[in-house]
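Please read these numbers as outputs of a predicted model, since none were measured by experiment. First the proteins, then the strands, lettered A, B, ... as listed; each starts at 1. Hydrogens, waters and symmetry mates play no part in the numbers below; they use all other heavy atoms, side chains included.
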Amino acid sequence: MFALPKLDAEVLHRITKRGVAEIIPEVEFLKRLEGDKPLKLKMGFDPSRPDLHLGHVVGLRKLRQLQDLGHELVLIVGDWTAQIGDPSGQSDTRTMLDAAQVKENAETYMRQFFRVVDPEKTRAVYQSEWFGKFTLASVIELTSYFTVNQFLHREDFANRYAGQRPIAITELLYPLLQGYDSVAIEADVEFGGTDQLFNLMVGRELQEKKGQRPQIVFTMPILPGTDGVRRMGKSLGNYIAIEDAPSEMFGKVMSLPDNVIALYFELLTDIPDKELEEIRTAIEARTTNPIEFKKRLGLELVTWFHSAEDGAQVQAEFERVFQQREQPVNVPDFTVTKATEGASNIDEGSFTADLSRLLVAAGLAASRGEARRLLQQKAVEIDGTRVIEETVQVPFGVIVRAGRRRFVRLVKG
RNA sequence: GGAGGGAUGGGAGAGCGGUUAAAUCCAUCAGACUGUAAAUCUGACGCCCGAUGGGCUACGCAGGUUCGAAUCCUGCUCCCUCCA
């Protein structure tokens with residue numbers, strides 16, 4: 001009944017080469033792809049931070065590609081590992097999540113997850129299905145397969161050990177639990193960023209010790225965040241979320257440093273390798289303005305996660321506001337009344353504005369101090385004219401701009 | 001059980017009795033420039049006020065010493081390293 005489609009060279013190439021760091025072992029993976037059973041693809045997630053960003057998307061796209069070939073994804077909801085926290089160099093204690101919270105987070109997660117991955121070929125399972133039944137004896141057994149020395153080889157641990165920084169015992173448990181998940185579901189392939197290599201290998205070994213066919217370890221490059229340097233991460237504040245509004249998503253793409261543009265195309269789009277090369281050389285040789293590539297990237301991403309209309313609109317708006325330095329099409333209204341801070345002498349057509357107060361009232365500045373700073377720094381415009389004075393007479397209907405991105409239209413209440 | 005180190009602004013990390021709203025770096029914001037919300041350069045970056053000045057908050061928590069404390073003392077709380 002089930003038949004995996006015949007793989008043509010191009011598809012195969014895209015799956016095994018594009019956006020791939022390492023497949024261990026690659027030949028075995030190819031062999032299994034040709035098998036007559038759909039593969040069980042494993043992907044875990046930690047339900048304590050359900051915000052998906054483009055860093056996750058790199059892996060999700062790969063899963064999608066394989067699903068499209070007929071393989072099946074098993075999504076592990078890490079309700080136990082979430083309590084430990086994957087070693088990240090910090091020793092922040094995580095709070096225990098209650099079951100309801102986990103469920104809610106998991107749902108949020110999956111809602112985002114299915115924007116990339118095919119829900120029809122996805123099965124979600126909770127770690128508690130097996131760890132809920134674990135006894136101390138099972139834990140001890142699990143730990144018996146490895147030595148501390150082996151674990152200290154993991155780069156992160158090795159660095160911390162050498163630097164006399166703390167390594168929590170629970171952190172050592174993390175790879176074991178994640179690895180056991182592979183045993184529990186009998187995973188064929190597990191996916192992760194290159195930083196996950198160690199954990200993935202533990203799963204592979206654990207399966208072998210348990211007499212299972214060891215999973216293929218499939219790693220992908222880490223996507224740098226909007227700072228272009230550090231990995232994209234929520235806690236680093238350099239991420240583009242799947243659920244970012246169109247303008248925000250586009251804007252964040254536009255703020256990418258030039259040197260990561262090509263990598264973003266490689267990991268997040270399907271543009272042909274040939275074009276990828278062209279982009280790469282064009283940026284290096286400075287023959288094309290990189291902003292053009294960023295626009296294209298932004299457009300693709302917004303189209304994908306929102307719609308083509310949103311993409312077009314948001315790009316037009318960007319060009320208008322930031323390139324032409326004109327006013328945006330849709331400016332939110334701010335209603336000025338007698339009660340408004342910073343507004344006085346209101347008559348039919350205009351009023352006297354104390355800008356240090358009004359900017360705060362209108363949400364354009366966080367404090368009066370900041371409002372004054374903006375005025376001082378020549379960052380405030382009223383209908384396109386720079387304003388430095390604190391007190392000015394303004395007509396209703398004008399657009400006030402504070403800085404590059406904040407706009408408000410003053411309307412009479 | 002023993003010895004020692006530490007808790008500072010969004011993050012990292014100086015300061016170790018006054019001139020410290022607190023160096024520096026990163027992030028952030030603004031301006032300039034630009035083929036870009038890249039890069040680069042410059043500046044700003046606690047809050048409040050009748051404001052070239054004044055006030056209030058802030059360096060784990062609670063007290064104390066002092067004209068004056070992030071800096072010294074005491075007691076808490078938490079964290080870490082090493083030895084056993």
>> Rounding to an integer number of angstrom, what distance separates C73(B) and U19(B) when you compare their C1' atoms?
In response: 26 Å
> Given the rule in the side-chain contact (heavy atoms from CB on, under 4.5 Å) test, do N199(A) and R154(A) qualify, once you have shown the distances and angles that lead to the verdict?
Replying inline: CA-CA 9 Å; N199(A) 293 348; R154(A) 178 180 167 156; 3.0 Å; yes
Using atom names, set out every protein N or O paired with an N or O of nucleotides 54-59 of chain B below 3.5 Å, distance rounded to 0.1 Å.
none

>> Whole angstroms only, please: what is the CG-P distance between L364(A) and A30(B)?
In response: 12 Å
>> Just the rounded figure in Å: distance from C1' of A27(B) to CZ of R230(A).
In response: 7 Å
>> Nearest whole Å is fine: how far is G10(B) C1' from N238(A) CG?
In response: 14 Å
> Over how many whole Å does the gap from L374(A) atom CG to C29(B) atom P extend?
Replying inline: 11 Å
> Taking the same atom, P, in A69(B) and in A21(B), what whole-Å distance lies between them?
Replying inline: 12 Å
> Pairs in or reaching into residues 250-261 of chain A: which pass salt bridge (Lys or Arg N to Asp or Glu O under 4.0 Å), with residues at least two apart or in two chains?
Replying inline: D244(A)-K252(A), E248(A)-K252(A), D258(A)-K294(A)
>> Quick one, F131(A) with Y180(A), criterion ring-ring contact (aromatic ring centres under 6.0 Å, His included). Give me CA distance, side-chain angles, the key distance, then yes/no.
In response: CA-CA 9 Å; F131(A) 288 137; Y180(A) 187 81; 5.7 Å; yes
> Considering only the P atoms, how many Å lie between A12(B) and A27(B), rounded to the nearest integer?
Replying inline: 15 Å
>> For A30(B) and R406(A) - does any side-chain N or O of the residue sit under 4.0 Å from the phosphate oxygens OP1/OP2?
In response: yes
> Rounding to a whole Å, what distance do you find between I388(A):CD1 and A30(B):P?
Replying inline: 17 Å
> With sequence neighbours left out, which residue pairs that include part of residues 244-263 of chain A fulfil the ring-ring contact (aromatic ring centres under 6.0 Å, His included) condition?
Replying inline: F250(A)-F318(A)
Under-3.5 Å N/O pairs linking protein and nucleotides 37-43 of chain B:
from   : atom 1 : to      : atom 2 : distance (Å)
A37(B) : OP1    : F322(A) : O      : 3.2
A37(B) : O2'    : S255(A) : N      : 3.3
A38(B) : O4'    : K294(A) : NZ     : 3.1
A38(B) : O2'    : D258(A) : N      : 3.4
A38(B) : N3     : D258(A) : OD2    : 3.2
G43(B) : N2     : Q377(A) : OE1    : 3.2

Using a cutoff of under 3.5 Å, can you pull out all pairs of nitrogen or oxygen atoms linking the protein to nucleotides 45-47 of chain B, with atom names and distances?
from   : atom 1 : to      : atom 2 : distance (Å)
C47(B) : OP1    : S367(A) : OG     : 2.9
C47(B) : OP2    : R373(A) : NH2    : 3.4

>> Centre-to-centre under 6.0 Å for Y109(A) and F113(A), is that the case here?
In response: yes
> Ring centres of F198(A) and F151(A) under 6.0 Å apart?
Replying inline: yes
> Is the phosphate of A30(B), meaning OP1 or OP2, less than 4.0 Å from a side-chain N or O of R401(A)?
Replying inline: no
>> Does anything in residues 370-413 of chain A form a ring-ring contact (aromatic ring centres under 6.0 Å, His included)? List the pairs, not counting sequence neighbours.
In response: F351(A)-F396(A)
> Taking atom C1' in both A14(B) and G31(B), what distance in whole Å separates the two?
Replying inline: 30 Å
Show me the side-chain donor-acceptor pairs of residues 379-389 of chain A shorter than 3.5 Å, one per line, residues at least two apart or across chains.
from    : atom 1 : to      : atom 2 : distance (Å)
D383(A) : OD1    : I399(A) : N      : 3.1
R386(A) : NE     : K378(A) : O      : 3.4

>> Wobble G-U and Watson-Crick pairs count when both distances are under 3.5 Å; given that, what is the 5' to 3' dot-bracket string of RNA chain B, with | for pairing to other strands?
In response: ((((((((.[[[..)..(.....]]].(((((.......))))).((((...))))...[[[[[..)....]]]]]))))))).
>> Do Q215(A) and E190(A) pair up side chain to side chain, a donor and an acceptor below 3.5 Å, judged on atom types alone?
In response: yes
>> Ignoring hydrogens, what is the shortest heavy-atom contact between H13(A) and D273(A)? Give both atom names and the distance.
In response: NE2-OD2, 3.3 Å
>> Give me the distance, rounded to whole Å, that separates C48(B) from C72(B) when you measure between the P atoms they each carry.
In response: 33 Å
>> Looking only at the side chains, is there a donor atom on one of D310(A) and S307(A) sitting less than 3.5 Å from an acceptor on the other?
In response: yes
> How long is the line joining CG of L375(A) and C1' of C29(B), in whole Å?
Replying inline: 14 Å
> Any idea which heavy atoms bring A366(A) and V360(A) closest together, and the distance?
Replying inline: O-CG1, 4.4 Å
>> Taking E141(A) first and then K209(A), would you say they form a salt bridge - that is, a charged N and a carboxylate O separated by under 4.0 Å?
In response: no
> Given the C1' atoms of U40(B) and A22(B), what is the spacing between them in whole Å?
Replying inline: 30 Å
>> I'd like to check the ring pair (Phe, Tyr, Trp, His ring centres under 6.0 Å) partners of Y264(A); sequence neighbours left out, ordered by chain and number.
In response: none
> When the C1' atoms of G13(B) and A23(B) are considered, how many whole Å apart are they?
Replying inline: 10 Å
> Which comes earlier along RNA chain B counting from the 5' end, the contact point of K378(A) or that of R372(A), where each point is its nearest nucleotide?
Replying inline: K378(A)
What are the atom names and distances for every N/O pair under 3.5 Å that joins the protein to nucleotides 81-84 of chain B?
from   : atom 1 : to      : atom 2 : distance (Å)
U81(B) : OP1    : P166(A) : N      : 3.4
U81(B) : O2'    : Q164(A) : OE1    : 3.4

>> Heavy atoms only, 4.0 Å cut-off, all strands: where does R357(A) land among base, sugar-phosphate and nothing?
In response: sugar-phosphate
> What are the two closest non-hydrogen atoms of K121(A) and G70(A), and how far apart are they?
Replying inline: CE-CA, 4.2 Å
Protein N or O to nucleotides 1-5 of chain B N or O, pairs below 3.5 Å:
none

>> Under 3.5 Å, is there a donor on one side chain and an acceptor on the other for S356(A) and D354(A)?
In response: yes
>> When the C1' atoms of C61(B) and G11(B) are compared, how many Å lie between them, rounded to an integer?
In response: 23 Å
> Can you list every pair that meets ring-ring contact (aromatic ring centres under 6.0 Å, His included) and has a residue in residues 277-305 of chain A, with sequence neighbours left out?
Replying inline: none
>> Given 3.5 Å as the limit, does a donor-acceptor pair link the side chain of E326(A) with the main chain of R320(A), or not?
In response: no
> So, for V331(A) and P328(A), which heavy atoms are closest and what is the spacing to 0.1 Å?
Replying inline: CG2-O, 3.6 Å
>> I want to check something: taking the side chain as every heavy atom from C-beta on, are Q67(A) and E72(A) in contact at a cut-off of under 4.5 Å?
In response: no
